[in-house]
Amino acid sequence: MAIRVQEAPFDYGAECSAFAAGTEGAGAVVTFCGIVRDNDGTLRGMDIEHYPGMTERALAGIEAEARNRWPLSDALIIHRFGPLVPNDMIMMVATAARHRADAFAAAEFLMDYLKSRAPFWKKEHSADGADWVAAKDEDEAALTRW
Amino acid sequence: MAIRVQEAPFDYGAECSAFAAGTEGAGAVVTFCGIVRDNDGTLRGMDIEHYPGMTERALAGIEAEARNRWPLSDALIIHRFGPLVPNDMIMMVATAARHRADAFAAAEFLMDYLKSRAPFWKKEHSADGADWVAAKDEDEAALTRW
Amino acid sequence: MTLTVLYFAWLRERIGEPRDTITTEAATVADLVAELRTREERYALAFSDLGSIRVALDQELSEFDAPLAGVREVAFFPPMTGG
Amino acid sequence: MTLTVLYFAWLRERIGEPRDTITTEAATVADLVAELRTREERYALAFSDLGSIRVALDQELSEFDAPLAGVREVAFFPPMTGG
């Protein structure tokens, strides 16, 4: 179980590899990676602000809740902050379980909760200026299914 | 989009890395990896038999159906056959989409279908002898949700 | 017609061969199975419980009542266990 | 009591500071917000729509009617957009 909040890039492939190698007894590994997306070709970059201290607490709480709900043999959350450019990797989660349904459900749960319950805020910079990304109703609604 | 059926090992981390790097425009990447699990400490190994020709067709059909149902920017299926030992990686899938819900749903769909609709059969070798793994009712039932 | 008939997993082991080439007038998969059962004891044993057997015609999953007209390759196997 | 009050994202930008140290007798978060609004125009503007603001007390998400007794750090910020 590990939670990392960092400004530095991470190596998604290397993290997947190490995570899968470290999960003895688990038959199923699921990973998710979020990438800075330039939807209309105008995005220059993004700043991710966070609340040091609370971020780590919130992520630890979300991860503990996931382990409470599903029999996970391991879980990993990495989330970056600071300046990012298109195609940079923002964050990843990984889950390992005996059965694939548990690994999938836990990974989706971690994503849904960290979207709306971990104190990160994104500001996008484009040719037109800079804007804080608004929270989506659908992200809040996604929490009700758990 | 790629489908690989092979006896040789694959490098899960390197595949995740290459897949994520190759998915321009996608904000969300989901990967799944299945690992040979030694539940009670007696498994020596496993042989995976498959039906060359039909395997590739079945996987291509499942992948096409996933792309039909969700707006995927990319998908990958790798499945090994032949002899494997505990902790070997059996197979992986990866999906990329603009939104995480699509990437997650498509990856679960690919897994559910290839479990019960792709012509692979597993024979486990343990200290007590060798046995063909029986299909699980729950795997067949998992298809009804799609 | 002449069919290539393939067997996989425990079905292959019980029959002792991965494939047969069979000339038959069977109209459906079920007719073919009935014919195979009469061949030898090992076939009768292998095909004793059709509920645990699946069939593919020319590499597409099919059913036991499907017609064999135009088919070249028939495969019998247990429920699949991929992933 | 003396509170550390933190602001994030556009709330921080509108107020122009990442944090204040405030000595107050406010009983609840809502009381504190009312007090902040009277400070200066930029606070009144920043806190004009509470529906778009979230609050954390000592780094735990909370509500505007929560009591401040025993709290040391209050944070105000827009809905979170992680992931």
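Computed from a prediction, not measured in an experiment: that's the story for all the values here. Just so it is clear: chains get the letters A, B, ... in the order the sequence lines come, proteins before strands, and each one is counted from 1.
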Check each atom of B:M89 against the heavy atoms of chain A and say whether the ones under 4.5 Å are side chain, backbone, both or neither. side chain

Top contributor to chain B contacts, counting heavy-atom pairs under 4.5 Å, from A:D112, A:D11, A:I90, A:T95: A:D112

OG-CZ distance between B:S73 and A:R37, expressed to the nearest 0.5 angstrom: 10.0 Å

Got more than 12 heavy atoms from elsewhere within 6.0 Å of CZ, B:R69? yes

Paired with B:C33, the side-chain contact (heavy atoms from CB on, under 4.5 Å) test is passed by just one of A:T31, A:V30, A:T23, A:V29, namely A:V29

Does the gap between the ring centers of B:F32 and A:F104 come in under 6.0 Å? yes

Among the listed options A:K115, A:E15, A:R98, the residue most often paired with chain B at heavy-atom distances under 4.5 Å: A:R98

Name the region of A:D38, side chain, backbone, both or neither, that has any atom closer than 4.5 Å to a heavy atom of chain B. neither

Look at atom CG of B:N68 and say whether more than 12 heavy atoms of other residues, nucleotides or ligands are closer to it than 6.0 Å. yes

Portion of B:A26 that has a non-hydrogen atom of chain A nearer than 4.5 angstrom: backbone

Of the non-hydrogen atoms in B:S17 and A:G13, which two are nearest, and what is the gap between them? CB-CA, 3.8 Å

For chain B, find which of A:A28, A:A94, A:A101 contributes the most heavy-atom pairs closer than 4.5 angstrom. A:A28

Compare all side-chain heavy atoms of A:R100 with those of B:E108 and state whether any distance is below 4.5 angstrom. no

